[in-house]
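This report refers to the structure that appears directly beneath it.
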Amino acid sequence: MAKLNKLDDIVALCKRRGFIYQSSEIYGGLASCYDYGPLGAELKRNVRNAWWKAVVQMRDDIVGLDCSILMHPMVWKASGHADKFADLVTVCKKCNTRTRVDHLKEKDGNHTDEHTEHVNIDTEQDKAFDLSKKVCPSCGAVGQFGNPMAFKLMFETQMGANVDDTMTLWLRPETAQGIFVNFRNVMDSSRVKVPFGIAQIGKSFRNEVTTKAFIFRTREFEQAEIEFFCKPGTDEQWYHHWREFRFNWYLNLGMKKENLRFREHEKDELAHYAKACVDVEYKFPFGSGDWQELEGIANRQDFDLRQHQRGMRTMNAWYETRDVTKLQLKDESEDWVKGPLSYFDDETKERYVPYVIEPSAGIDRSCLAFLVDAYDEDEINGEPRSVLRFHPTLAPVKAAIFPLVKKDGMPEIAHKIYDELKPCFSTFYDEKGAIGRRYRRQDEAGTPYCITVDGQSKEDNTVTVRERDSLTQERINIAQLKNFLRDKMGL
RNA sequence: GCGGGUGUAGCUCAGUGGUAGAGCGUCACGUUGCCAACGUGAAUGUCGUCGGUUCAAGUCCGAUCACCCGCUCCA
């Protein structure tokens, strides 16, 4: 890949071509927020649709879901986010470096408290942390830390217009909980049987301490998540199924193999509820480590459904205070296996709480990766050309239609073709300027095919179809265009 | 949040206290018959924003916003 080795280049490309803009730019921008332009909106839609098609439409064992972003506060109490979704961070007074408290090491080399679990905001912050023996990883100073600060990672908002009866809610920090919360609904209404999955695409919000690298880590972002429910004991096999399935999804959409890899999570890196977790990483041309996560696939066992069973048992306490920070989640019942979120297998007459494999992908990240991966520069007759080699499925525009020149009836024929293709493909019509320039413009947008009406078209009803990558041209009968493009693109 | 850097036309950038510029791109007209052609013409700037110093600020000072690199991480 040529030239796109700095994030700045990518940002400039995205803006220039209308893929991604800074949010609220005319007002100076808003940190960490971005808008998708004309081509970007198409690309993103195509990424979403490709995901949905692969995991819902083409599979018999997954159904879709589209939850609201606002949910009952108890959802986040039960999931653990309300108490624990915060990082406790301290600042070294000497060098001003900010470090997570649980990442600090002791002077004598004792191990860090490597719990990946987030800390409880209210209790832990007040607790006098003994940082006197901790070493700053940056400058090496010992015990020079300020008081630990907590960062609330969930966005708060108010529901209800009257001041008296407003309720504080959170914008969801992940789409997954909406799936767990609807587990029963889906089972009761769609005749699914374990093993099965529920898929959802949607926005999530996290008040990240630091955002990063363009649209790579933003506070508002879009997720594509599957919760795949399976019988305990079969989880290992499904975990491996999903690893392969999801990895291949990226490959099948044209992502270069050398830019993709798995990264296995170490045992001490795993959240307490996860039995195993692997990241699908992409080799972005920016950042320190290059390799950055696109998707995480985790074996969450039965943690979430059991937590929500506890949540359901806690509702009396909720009605008393209507404040999740003031209540404690009730313990599990003795026979939680038979709880409201358990599953009864009619064939084996067994009841159990299913295990869950969770492939959780970032749509925005994927878009960025596909964009970066598709970018290329080559030469035509000694002239440089920049081109986006998108897989046709992802290409914002599938075909552009041109009259070779703007006269002799060519525009009329081209327009007619345009009107015929429009209902089937996202297309673009252009009659302005030199033909070479029009081809190059489409190359820059990643359009796989350009259809040109020339003098011969009037004679024999054929047009040329020019291919983006090979630059070859083929004469095709106008009547066969639709099928030709369909075959070529596999749409 | 801390340290370092950046911010001038859609993009890339020049402009070192004295009338805001170039290249590319965009648009119009003409020409043109298959890979960034040519000619003529045109549009476009709160010089990131707010304030200060000065007769005069894109330029000096302060604040602020946004982005990039690092610390931080995990979709």
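The figures here come from the full heavy-atom set of this structure, side chains too, leaving out hydrogens, waters and symmetry mates. Order of the sequence lines fixes the chain letters, A, B, ..., with proteins taken first and strands second; residue numbering starts at 1 for each chain.
At a cut-off of 3.5 angstrom, counting only N and O atoms as typed in the model, there is a donor on one side and an acceptor on the other between the side-chain of A:E444 and the base of B:A36.
With hydrogens and angles disregarded, a donor-acceptor distance shorter than 3.5 Å links the side chain of A:R468 to the backbone of A:L388. A:N299 places no side-chain N or O within 3.5 Å of a backbone atom of A:K275 that could act as its donor or acceptor partner.
An anti orientation is assigned to B:G15, its glycosidic angle lying beyond 90° of 0.
Of the candidate nucleotides B:C74, B:G25, B:A28, B:G25 has the atom nearest to the side chain of A:R441. Relative to the side chain of A:A31, the nucleotides B:C34, B:A66, B:C68 differ in distance, and B:A66 lies closest. Listed nucleotides: B:G33, B:C35, B:A37. Nearest to the side chain of A:R437: B:A37. Among the nucleotides B:A66, B:C34, B:C35, the one closest to any side-chain atom of A:Q22 is B:A66. Considering only the side chain of A:K407, B:U32 comes nearest among B:U32, B:A37, B:C11. Proximity note for A:R466 (side chain, C-beta onward) versus B:C34, B:C35, B:A75: the nearest is B:C35.
In this structure, A:F229 has its ring center under 6.0 Å from that of A:F183.
A:F205 does not carry A:R219 over the face of its six-membered ring by the limits of under 6.0 Å from the centre and within 45° of the normal.
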